[in-house]
Protein chains: 2
Amino acid sequence: MITNHETPPTRGIQLSEQVARQLTHAIHTGEMRPGERLPTEAALGERYGISRSVVREAISMLRNAGLVTSRRGSGSFVAEVPTVALRLAIPDPSLQSIIRLLELRRALEVEAARLAAQRRTPSQLRRIRNAMADIDEAVEVGADGVDQDMAFHRAIAEASNNTHFTAVIDFYNRFLHHAITVTRTNESLRETFMAQVIEEHQAIADAIAQGDEEAAAQAAGRHLEHAEWRLRQAPTDLLERIEDTGTDTPI
Amino acid sequence: MITNHETPPTRGIQLSEQVARQLTHAIHTGEMRPGERLPTEAALGERYGISRSVVREAISMLRNAGLVTSRRGSGSFVAEVPTVALRLAIPDPSLQSIIRLLELRRALEVEAARLAAQRRTPSQLRRIRNAMADIDEAVEVGADGVDQDMAFHRAIAEASNNTHFTAVIDFYNRFLHHAITVTRTNESLRETFMAQVIEEHQAIADAIAQGDEEAAAQAAGRHLEHAEWRLRQAPTDLLERIEDTGTDTPI
DNA sequence: ATTTATAATGTTGTCTGACAAATCCAGCGA
DNA sequence: TCGCTGGATTTGTCAGACAACATTATAAAT
C-alpha cells in the first residue's frame, strides 16, 4: 500500500468509515452536487491511498444511507434527493409497544389532517374520497379493508403537502398493519367497529373538504383515540407476532 | 463458483441485496435472536454459493441498517435492539424547507407535551426546569442559548416516555439548529424574541408540572406557531447554508 | 489445583489481481 | 444525419492471501 496522497484518514477506527465520512461531508456541504458523478473506485483508492475493497465498502455505506446510487458500468452518482437515515427501534409485538406507535401516529395524523384541510388540492381531495369508497367496497365484499384504510390515511398525509409526514407515516404503517388487522378480525365486534371507523373517516374527510383546519384536527384526534380504544378491546394474544411481508427493502 | 446450496437467490437484481433480504427476514422473524452470532462470512458464502465479497457487502447493509454489529476477530452479531432505517430527504436550506420541518416539529412536540403532562416523573420534571434555568444562564452570559433551548425540548420529549418521539426529534434537531440560531442573531429583535421564548417555555413547563394535558398541548402549539413567525422575521439570506458539524456518523 | 503466560486457531478487515457485465463513446458506414 | 459496431471504462463478483484482533486450548508456574 502506498502512502496517502490527500487527506490521510485519521488513524484509529475503521478505514472504510473514515473515507465514508469524508465523502458524506463533501456531499453535505454541497462540494458534490446531486446528480454529479463521483470519482471511480480506482481513482478514490488512489487518492486516499487505499485498496478498492475499502472504497467499495465506503461507497456501500453511502449507498445504504441513500446518499449515492451506483450503476454498473457507469459509475456512482450523488443521489438526486440526498437522504439521511433515521434509525428507530423495531417495535416488539406487545400491546404496550403498539400503543406507543399509535401515539406517534396520533401526533402526525392530527397535524397532517390540519395541513390537508389548509392545502389540499382538488385532486388530492378526490383521492381521499376514492380511498373511502374503496374501504366501503372492501367491507361489502367481506375483506378486512386494512390496506384500503391505510391508503386513506396516506392520502391525507399526501394532501398535507409535506413529505416528512408521508415518510414517517409510511414507516410506521408497516408495523401497524398487523395490529389494525387484529381489531378487524374480532368477529363479535367487527360490525360495530367498522361502522364507527367509517363514520370517523367521514368526519375527517368532510372537514378537509370544507377546509376547516380545526375540525379536521379534532376529527383526526378523535379517530386515533378511538382506534386505541378499539385496539385495547382486541384479545391481546392475537398480537403475538408482527408479520414480515418481506416485500420491503432490507435497508 | 459452486451451485447454490440453500435457497438459491432469485436471479435478477443485485446479488448482495438478495442475501441481505434473506438475512433481514431471518432477524425480523426472530429466527435469529438479538445478541446471537451469525455464521461466519465464509460459512454464509458457502451456504449461498457466493463469494465472500458479496457476503461482506450484504452484511455491510445490515450493519448500516442497525441490524447487526461486527467485531473484528470475533464475528457479526444480531444487534441487541434491532432498528430499521427511516430515510428522510435532507432539507435544503430554503425558508420553505425549514418551515416544513417546523410543521413536523409542531406535530411531535404538541403531542409530546401532552404526554409529558400525563406521565412525567419528578426527575424528568426537574430536568425540564434545569434546562430552563440553563437557558436563562446562557442568555445572561450573552450566548444564543440555542443548545440549551434544544435541550429543553428534548427533556420534554423524554418526559413523554415514548422513545419514538425522542428519536424523531433528535433527528430533525440537527437541521433546525442553524435555523434557530439565525433567529437569535437578529440583533434588533433578539431581546424581545428571547423574552417571548422564555415566557412560552414557562407556560409549557407549568402545564406539564400541573399535569394539565390540554394546557400543555396548547402552550406547545402556541410556542411552535410563534417560532415559525419569528423565523419568518429573520433575514432570509442568513439561511443560506446548513452547517455541517461533521460530528455525526455518516450513516 | 488454580492461575498465569503462551501458543494455536478462528474471524473480520484489508490488499491484490483478475474476469464478467453493463455502460459509454468514438468512429465508421449507409 | 442516423444507426451500428467495437473498444475503452466502470461497477459487480470471484479468488486467494495476509494483517489485526479475539477466542480458545495448552503449557507453565506457583
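Residue numbering restarts at 1 for every chain, and letters A, B, ... go by the order of the sequence lines.
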Between [N] ([atom2]) and [X] ([atom1]): distance, integer Å:
| X | N | atom1 | atom2 | value |
| --- | --- | --- | --- | --- |
| B/Glu57 | D/dT13 | CD | P | 7 Å |
| A/Arg56 | D/dC14 | CZ | C1' | 12 Å |
| B/Gln18 | D/dG12 | CD | P | 14 Å |
| B/Glu17 | D/dT13 | CD | P | 10 Å |
| B/Glu46 | D/dC14 | CD | P | 13 Å |
| A/Tyr48 | C/dT14 | OH | P | 15 Å |
| A/Arg63 | D/dT11 | CZ | C1' | 9 Å |
| B/Ile50 | D/dC14 | CD1 | C1' | 11 Å |

Roughly how far, to the nearest 0.5 Å, is [atom2] of [Y] from [atom1] of [X]?
| X | Y | atom1 | atom2 | value |
| --- | --- | --- | --- | --- |
| B/Ile128 | B/His153 | CD1 | NE2 | 11.0 Å |
| B/Met61 | B/Arg21 | CE | CZ | 9.5 Å |
| B/Asn64 | B/Ser60 | CG | OG | 4.5 Å |

_Sole candidate of B/Arg119, B/Arg126, B/Arg127 that passes salt bridge (charged side-chain N to carboxylate O under 4.0 Å, His left out) when paired with B/Glu158_ = B/Arg127
[Y] and [X], any side-chain heavy atoms less than 4.5 Å apart:
| X | Y | answer |
| --- | --- | --- |
| A/Leu44 | A/Ile59 | yes |
| B/Leu88 | B/Phe171 | yes |
| B/Arg33 | B/Val78 | no |

*For DNA chain D, determine which residues of residues 69-76 of chain A have any heavy atom closer than 4.0 angstrom to one of its atoms, and list them numerically.*
A/Ser70, A/Arg71, A/Arg72, A/Gly73, A/Ser74, A/Gly75, A/Ser76
Carboxylate-amine/guanidinium contact [X] [Y], below 4.0 Å:
| X | Y | value |
| --- | --- | --- |
| A/Glu57 | B/Arg63 | yes |
| A/Glu111 | A/Arg114 | yes |
| B/Glu103 | B/Arg100 | yes |

_Close residues, residues 36-45 of chain B, relative to DNA chain C [heavy-atom separation under 4.0 Å]_ = B/Arg37, B/Thr40, B/Glu41
Could you pull out the protein-nucleic contacts involving nucleotides 16-18 of chain D (nitrogen or oxygen on both sides, under 3.5 Å)?
from, atom 1, to, atom 2, distance (Å)
D/dA17, N6, B/Arg52, NH1, 3.3

_Quick check on DNA chain C: between B/Ile59 and A/Val54, whose nearest nucleotide comes earlier from the 5' end?_
B/Ile59
_Exercise: identify the closest heavy-atom pair between A/Ala20 and A/Ala58_ = N-CB, 3.9 Å
